[in-house]
Amino acid sequence: MVYLCFDNFKFSYGFINHIAPNQLNLKRFACSYLLLLTSLLANSQKKNDLFKYYIVKASSQIKVDGIMNEEAWKEAQVATGFCMVLPMDTSCANVTTEVRMTYDDKNLYILATCYKPSPGPNMVESMRRDFNFGRNDNFLLFLDTYGDLTTGFSFGANAAGAQWDGTMYDGGKVDLNWDNKWISVVKNDSEKYIWEAAIPFKTIRYKKGIKEWGVNFSRNDLKTTEKSSWTPIPRQFPTASLSYTGSIIWNEPLPEHHSNISLIPYVLAGVTKDYTTGMPADFRKQAGMDAKITVSSSLNLDVTLHPDFSQVDVDRQVTNLSRFELFFPEKRQFFLENADLFSNLGYANIRPFFSRRIGLTSSINAGLRLSGKIDNNWRLGVMDMETQKNNNTGLPALNFAEVTLQRKLFKKSNITFFYIDKTSINYHPAKDSVSTLYSQYNRNIGIEYNLAPSNNTWTGKTILIKSFTPGLYNKDFAHAANLQYSSRKWLISWQHEVVGSNYNAEVGYVPRNNYVKINPLITRYFFPKKSIVLSHGPQLTSTYYFDTKFYRTDNESVLSYLITFRDKSTFNAVMQNDYVELLAPFDPTNLGKDSLAAHTKHNWNSAGVDIVSAPQHTLTYSFSLRDGSYYDHGQLLSLSGDVGYRIQPFVNIDVAATYNSLQLPQPWGKNNFLLLGTKIDITFTNTLFLTAYLQYNQQTANTNLNTRFQWRYKPASDLFIVYTDNYYIGPVFVKNHSLVLKFTYWWNP
C-alpha cells in the first residue's frame with residue numbers, strides 16, 4: 001500500500017497496487033493523476049514526498065532464497081505502480097514490478113518481483129557482478145541513508161543473479177568499485193523473476209537516530225526498452241537521482257553502529273620471465289593485508305599493507321596520434337572507493353589528483369584512507385600512501401598525501417577544500433647539479449564549489465588551484481568552471497579553463513599548461529509522436545584554446561545530428577573543423593620519423609557517422625567512421641567498430657578493432673595503424689569467472705594476452721589465477737611471461 005501524506009491527514013492511493021497488468025488504461029489514468037498531483041505539490045514539499053514506504057520489523061525469520069513464503073513478506077507493504085522514465089516519462093510503466101521490504105536486528109531485507117512482459121528468456125550479458133545497466137534486465141535499489149540528496153548506497157541484480165553494489169555521490173552517480181558483504185538470490189520462472197537480498201546494517205552507513213531514509217527502486221526491461229521507477233523522474237535524469245527519491249519510514253529506531261573491524265589478508269605466489277633482459281625467471285612470494293575499521297556510524301578507516309593489484313584488468317590499448325599524454329582510467333580498488341572525495345576533483349583535463357601516479361613504477365609499502373561524514377553537513381577524506389625507492393631508475397621513496405574537507409551548502413550543493421602533497425623521502429640532490437631529476441616536493445592547494453540545485457535543471461562547478469614546486473614561481477595556478485542547463489528539450493553548457501605556465505600537478509593529470517580554454521555546447525531534442533524514432537536533434541560544440549595573452553592556438557568545432565530509435569539504437573552524423581598552431585615540434589605519426597616545425601599552422605575538415613545497435617539483441621555492434629584532411633594537407637581515415645555476442649548468461653564475447661590510414665607528405669608517407677582487441681568473459685556461476693583478453697597494437701608492434709580466473713568462494717573473498725604474455729611483432733618473439741596465484745579472505749574478528 002502506498003500513501004499520500006499531508007500535514008493533518010493521509011489517504012491511500014494503494015488501489016494502483018491491485019490493478020491487473022492488462023488494465024493499462026486505468027493504470028495510465030492513475031499514473032497521470034499521480035504525476036499531476038505530485039507536480040502540484042512539488043513547490044511546497046520535497047519532490048516525491050508523497051511516496052512513502054512504511055517498513056515494519058519482520059515477524060518471522062527470513063531465508064534469502066528468492067521464494068516469498070515467509071509470513072513477514074505477506075505483512076510487508078507493497079510498492080508498485082511504477083512510473084515510466086524511458087522511452088517517455090508521461091505514463092505508467094507497462095511492465096509490472098512489486099517491491100517489499102522488512103528488517104530485523106542485523107539486516108535490511110528486500111524482495112522485488114519483476115513480472116515479464118511476455119514469456120521467454122531474460123536479456124542479460126552474464127553473471128558477472130557490477131554489470132552494464134543498459135545491457136541487462138535488472139532491478140536496482142537506491143538508498144539515501146542521510147537524507148542529504150547527495151550520497152548513499154545502491155544494491156541490485158540482473159535477471160540472472162549477478163550482483164550490483166556501489167556507493168552514491170554527486171546526487172545520482174554510482175561508484176561500482178565499492179565492494180562489501182551482503183547476499184542475494186534471483187529465482188526465475190516463465191512469468192517473472194524474483195530478487196531477494198539481505199543487506200547487513202553494518203555494511204552501510206547512516207545517521208544515528210534517523211527515522212527516515214530516501215529510497216527509490218529502478219527497473220530496466222530490454223524487451224520493451226522500458227526503464228521505470230517507483231517515483232516519477234524526468235527522462236533526462238537517471239533513476240539514481242536522489243532528488244527524486246521517496247521515503248522509507250522506520251517504525252523503530254535503527255540498530256546503532258558498534259566498532260566493526262574487517263581484516264582482508266592475502267597471500268601471493270608468482271613467477272615472471274623477462275626475455276628482453278636475458279635474466280633468470282623471477283620467483284616471488286608476497287603477503288599483505290587490508291583492514292576496514294568503523295570509526296563511527298558514518299566514518300570509515302581503510303588501511304593497506306603491501307598491497308598487490310595483479311588481478312586488476314589490463315589497460316585497453318589505443319592508437320596514439322595525439323600531441324599530449326593519454327588518460328588511462330584507474331582500476332585499482334583501493335584508489336577507486338570514495339573517488340568523489342579524492343580523484344574526482346576538477347575536470348577531465350585538470351585533475352589535481354590522479355592516483356595512477358602512485359605505485360605504478362615502484363611498490364607501495366602501506367597506505368590509509370579515512371573517509372565519510374563528520375555530521376550531516378561535513379564530509380572528510382584523508383589519504384596517505386608511501387612507496388619504495390626504485391633502484392633501477394633512481395626514483396626515491398615517496399610519500400603521497402591528500403586531505404579533503406567538504407561542506408554541504410543549501411539542499412545539495414557543496415564546497416570542498418583540498419590539499420595534495422608529494423614529498424621525496426631521504427632525497428637530497430646535489431646543490432650544484434644543473435638540473436634535478438626528481439623534485440623534492442610538489443603541493444597543490446585548492447577550493448572547489450559544486451552547484452547542485454534540488455531539481456537538477458541547473459548544475460555547475462568551479463575550481464581554483466595553486467601549486468608549489470621548488471624553482472617554479474608565479475603563474476602557478478589553475479582555474480576552471482562550467483554551468484549546464486538541462487531540460488527535456490534543451491541541453492546548454494559552458495565550460496572554461498585557465499592554466500598558468502608554471503602550474504604543476506605531479507600527482508595529477510594536466511596534459512598541457514599555459515592556456516585558456518572555452519567550450520560552449522548546445523543541444524536541441526525533438527520527440528516525434530507515433531514514430532520508430534524516439535528523439536532526434538542537433539548538437540553544436542566548439543573548443544577554443546588560447547595562450548594566456550588570448551592568442552588563439554587551436555580550436556575544434558563539431559556539428560552533429562543524433563537520432564535515437566525506440567529500440568535504443570542510435571545514428572549520429574558528424575561534421576568537424578580543426579585548427580592547430582603547433583607550440584612545439586610534433587611527429588603526427590608518433591613513430592619518431594620526423595617532426596612538423598613549431599608555430600606552423602594547420603587547418604582541416606572531416607566528417608563521419610556513428611552507429612550503435614539496439615542492446616537487447618544477443619548480437620550487438622557499433623561502428624564509427626571519420627574521413628577528411630589532416631596535418632600538413634594530409635589525409636586521415638579512421639574506422640572503429642565493436643561486435644559483441646553473448647550466450648546468455650554464461651559467455652560474453654567482444655571483438656573491437658580500430659584502423660587509421662594516415663597519408664602525409666614525405667618523410668612520413670603512408671602509415672596504417674591497426675588495433676585489435678578480443679575479450680571473452682565466461683561466467684560459470686555468479687561466483688566463478690574466467691576472462692581472456694587478447695590485444696594487438698600495430699603502432700607499438702606488441703601483442704598482449706591476459707587471462708584471469710576468479711573464484712569468489714564466499715562474500716568478498718576470492719581466489720585469483722592470472723597469466724600474462726607479451727609478444728613483439730615483426731619478427732615475432734616473446735617479451736615476457738607472468739603467472740600469479742593470489743588468495744584473499746574477508747575476516748570479521
Side-chain angles (χ1 to χ4, degrees), residues 320-327 345-354 357 420 435 439 442-448 460-483 493-522 540-559 576-590 594-606 628-634 636 664:
N320 183 13
L321 299 178
S322 167
R323 293 177 290 154
F324 304 104
E325 176 191 15
L326 296 179
F327 180 89
L345 294 168
Y347 292 84
N349 288 321
I350 301 181
R351 295 286 185 200
F353 181 79
F354 179 42
R357 304 295 187 202
I420 300 165
S435 62
S439 63
N442 174 252
R443 292 158 190 157
N444 277 239
I445 187 170
I447 183 172
E448 179 177 272
K461 180 165 72 172
T462 184
I463 189 170
L464 179 63
I465 320 167
K466 178 177 170 56
S467 66
F468 300 86
T469 307
L472 295 179
Y473 308 101
N474 302 318
K475 300 181 180 180
D476 50 3
F477 69 91
H479 161 69
N482 82 293
L483 184 65
S493 71
W494 168 276
Q495 184 195 356
H496 67 259
E497 299 174 2
V498 182
V499 179
S501 56
N502 286 330
Y503 175 71
N504 184 25
E506 293 184 12
V507 196
Y509 176 78
V510 185
R512 62 190 293 179
N513 59 11
N514 193 34
Y515 73 88
V516 176
K517 169 188 169 183
I518 60 173
N519 176 209
L521 177 147
I522 183 168
L540 177 63
T541 179
S542 291
T543 304
Y544 283 84
Y545 284 91
F546 306 85
D547 64 19
T548 51
K549 297 180 180 178
F550 278 91
Y551 176 80
R552 184 181 64 145
T553 59
D554 44 305
N555 71 266
E556 176 185 274
S557 297
V558 181
L559 174 63
Q576 182 170 322
N577 172 262
D578 288 87
Y579 167 82
V580 173
E581 179 178 345
L582 293 174
L583 303 179
F586 170 60
D587 175 7
T589 66
N590 279 332
D594 200 353
S595 295
L596 296 168
H599 303 296
T600 55
K601 299 178 181 180
H602 308 266
N603 183 254
W604 66 88
N605 297 305
S606 59
S629 49
Y630 201 52
Y631 286 98
D632 201 19
H633 306 290
L636 175 63
L664 292 167

Q) Which atom names give the shortest non-hydrogen contact between Asn444 and Asn504, and what distance separates them? A) ND2-O, 3.2 Å
Q) Ignoring hydrogens and geometry, is there a side-chain-to-backbone donor-acceptor pair from Lys466 to Asp476 under 3.5 Å? A) no
**Q.** Student check: side-chain heavy atoms of Ser493 and Asn482 closer than 4.5 Å
**A.** no
Q.
How close do Gly346 and Arg351 get, counting heavy atoms only, and between which atoms?
A. O-NH1, 3.3 Å
(Q) Run the side chain to side chain donor-acceptor pair (under 3.5 Å) test against Ser542 and tell me which residues pass, sequence neighbours left out. (A) Ser557
Q) Should Val516 and His496 be marked as a side chain to side chain contact (heavy atoms under 4.5 Å, CB included) after you check the CA-CA gap, both sets of side-chain angles, and the distance that decides it? A) CA-CA 7 Å; Val516 176; His496 67 259; 6.0 Å; no
Q: Taking all heavy atoms of Glu581 and all of Arg552, pick out the closest pair and write down the distance.
A: OE1-O, 4.0 Å
Q. Which heavy-atom pair separates Asn513 from Gly500 by the least distance, and what is that distance?
A. CB-O, 3.4 Å
Q. Do the side chain of Asp632 and the main chain of Gly634 share a donor and acceptor less than 3.5 angstrom apart?
A. no
Q | Residues which pass ring pair (Phe, Tyr, Trp, His ring centres under 6.0 Å) with Tyr545, listed by chain and number, not counting sequence neighbours | A | Tyr515
Q) Is a side-chain N or O of Tyr347 found less than 3.5 angstrom from the main chain of Lys461, in a donor-acceptor match? A) yes
Q | Side chain proximity check, Ile350 to Ile465, heavy atoms < 4.5 angstrom | A | yes
Q. Can you tell me how far the OG1 atom of Thr469 sits from the CG atom of Asn442, to the nearest 0.5 Å?
A. 4.0 Å
Q | Which atom of Asp587 lies closest to which atom of Ser595, heavy atoms considered | A | N-OG, 3.8 Å
Q) Are Thr541 and Asn519 linked by a side-chain donor-acceptor pair shorter than 3.5 Å? A) yes
Q: Given side chain to side chain contact (heavy atoms under 4.5 Å, CB included), test Ile445 with Phe468 step by step and report yes or no.
A: CA-CA 8 Å; Ile445 187 170; Phe468 300 86; 3.5 Å; yes
Q) Tell me, do Pro588 and Leu664 make a side-chain contact under 4.5 Å, heavy atoms counted? A) yes
Q: Evaluate side chain to side chain contact (heavy atoms under 4.5 Å, CB included) for Thr553 paired with Arg512, printing each intermediate quantity in order.
A: CA-CA 13 Å; Thr553 59; Arg512 62 190 293 179; 4.0 Å; yes
Q. For residues His602 and Trp604, is any side-chain donor paired with an opposing acceptor at under 3.5 Å?
A. no
Q) Looking at CG of Leu559 and CD of Gln576, how far apart are the two atoms once the value is rounded to the nearest 0.5 Å? A) 11.0 Å
Q: Calculate, to the nearest 0.5 Å, the distance between atoms CG and CG belonging to Asn603 and Asp554 respectively.
A: 11.5 Å
Q: Please report the closest heavy-atom contact between Ala481 and Thr462, naming both atoms and the distance.
A: CB-OG1, 3.6 Å
Q: Run the numbers on Tyr630 and Asp578 for side chain to side chain contact (heavy atoms under 4.5 Å, CB included), then give the verdict.
A: CA-CA 9 Å; Tyr630 201 52; Asp578 288 87; over 6 Å; no
Q) Does a donor on one side chain and an acceptor on the other come within less than 3.5 Å for Asn514 and Thr548? A) yes
(Q) Checking Phe550 now: which residues fulfil ring pair (Phe, Tyr, Trp, His ring centres under 6.0 Å) with it, not counting sequence neighbours? (A) Phe546
